[in-house]
Structures are given as structure tokens and as C-alpha cells.
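To keep things clear, I will list the structure first and then write my remarks on it.
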Amino acid sequence: RAVEKIITLNWQEYTAGRLEAHGVAAFLSLTICLYPAVTVSAAFPLYAITLGNSWYLAWYGPQAELDQACDSTGEAGRQGKTQFYLAAMVPSIVLA
């Protein structure tokens with residue numbers, strides 16, 4: 001059997017030296033094979049928040065951040081940012 005280009009795919013048929021994968025061997029195989037998808041999925045919110053913040057500052061300007069920091073509740077800024085966070089998620093979800 002040849003080595004797969006994506007190294008985690010080499011663990012698809014891992015059986016821990018037995019005829020069939022059971023218990024820990026099956027869990028280990030599944031965990032390693034799904035690792036790339038999990039890491040990409042975990043980074044998605046970080047990218048969406050960063051893009052949403054960038055769009056928020058581009059739309060309202062740097063003064064908006066200062067106004068929000070000086071506001072005692074900060075609710076107006078959070079609600080406005082939420083719209084930009086949701087807008088930042090749309091391209092990724094649509095293009096996926």
C-alpha cells in the first residue's frame with residue numbers, strides 16, 4: 001500500500017495489529033483522520049471575529065471603538081458588531 005498524500009489518511013485502516021479495529025484503535029483512527037477538519041473548524045470563529053471587527057472599524061472608523069469603551073453598558077457597540085460578525089460568516093458558509 002502506498003503512502004497517502006495527506007498523512008492522516010494512512011490511519012484509516014489502523015487496527016492495532018488485529019483483524020478488525022475495535023475500541024481504542026477505532027477511536028484513535030477516527031480521531032486522527034478527522035483532526036484536519038476539526039482544526040479548520042476551530043479556526044473559523046477566530047477568522048469571522050477578526051473580519052467582523054475589521055469591517056466594523058472600516059465602516060464606523062476608529063472612533064467607534066473609543067466611544068464603545070467609554071460607554072458604561074457597551075450594548076450599542078455589541079449589537080452593531082454582531083451584525084458585522086454575521087456578515088463575515090456569510091461568504092464562508094455560502095462558498096463552502
Side-chain angles (χ1 to χ4, degrees):
R1 184 178 121 126
V3 175
E4 299 285 343
K5 288 183 180 182
I6 301 175
I7 196 72
T8 57
L9 294 180
N10 289 325
W11 289 79
Q12 278 181 325
E13 298 173 14
Y14 178 71
T15 60
R18 299 182 180 190
L19 294 177
E20 291 183 20
H22 294 288
V24 175
F27 176 75
L28 183 64
S29 173
L30 183 65
T31 301
I32 292 173
C33 287
L34 291 178
Y35 181 76
V38 170
T39 57
V40 167
S41 299
F44 174 74
L46 298 173
Y47 293 133
I49 289 169
T50 303
L51 183 59
N53 284 337
S54 296
W55 285 353
Y56 178 80
L57 289 174
W59 188 265
Y60 290 112
Q63 187 62 34
E65 279 292 314
L66 295 174
D67 292 344
Q68 181 186 353
C70 295
D71 185 16
S72 60
T73 62
E75 287 300 318
R78 273 192 226 123
Q79 289 174 352
K81 278 189 175 181
T82 302
Q83 296 168 355
F84 285 95
Y85 295 154
L86 292 173
M89 290 190 298
V90 170
S92 298
I93 293 171
V94 170
L95 296 175

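- Cluster partners of Ile93 are Phe44, Leu86, Met89, counting Ile, Leu, Val, Met, Phe, Trp and Tyr whose side-chain heavy atoms approach within less than 4.5 Å, directly or via other members.
- The side-chain contact (heavy atoms from CB on, under 4.5 Å) search around Leu28 returns Trp11, Tyr14, Ile32, not counting sequence neighbours.
- In this structure, Gly52 and Ala88 approach most closely via the heavy-atom pair N-CB, 3.8 Å.
- The main-chain N or O of Leu46 is found under 3.5 Å from a side-chain atom of Thr50 such that the two form a donor-acceptor pair.
- The side-chain heavy atoms of Phe84 and Asn53, taken from C-beta on, include no pair separated by under 4.5 Å.
- Between Trp55 and Leu51 the shortest side-chain heavy-atom distance falls below 4.5 Å.
- Cluster partners of Val94, using a side-chain heavy-atom cutoff of under 4.5 Å among ILVMFWY residues and allowing indirect links, are Val90.
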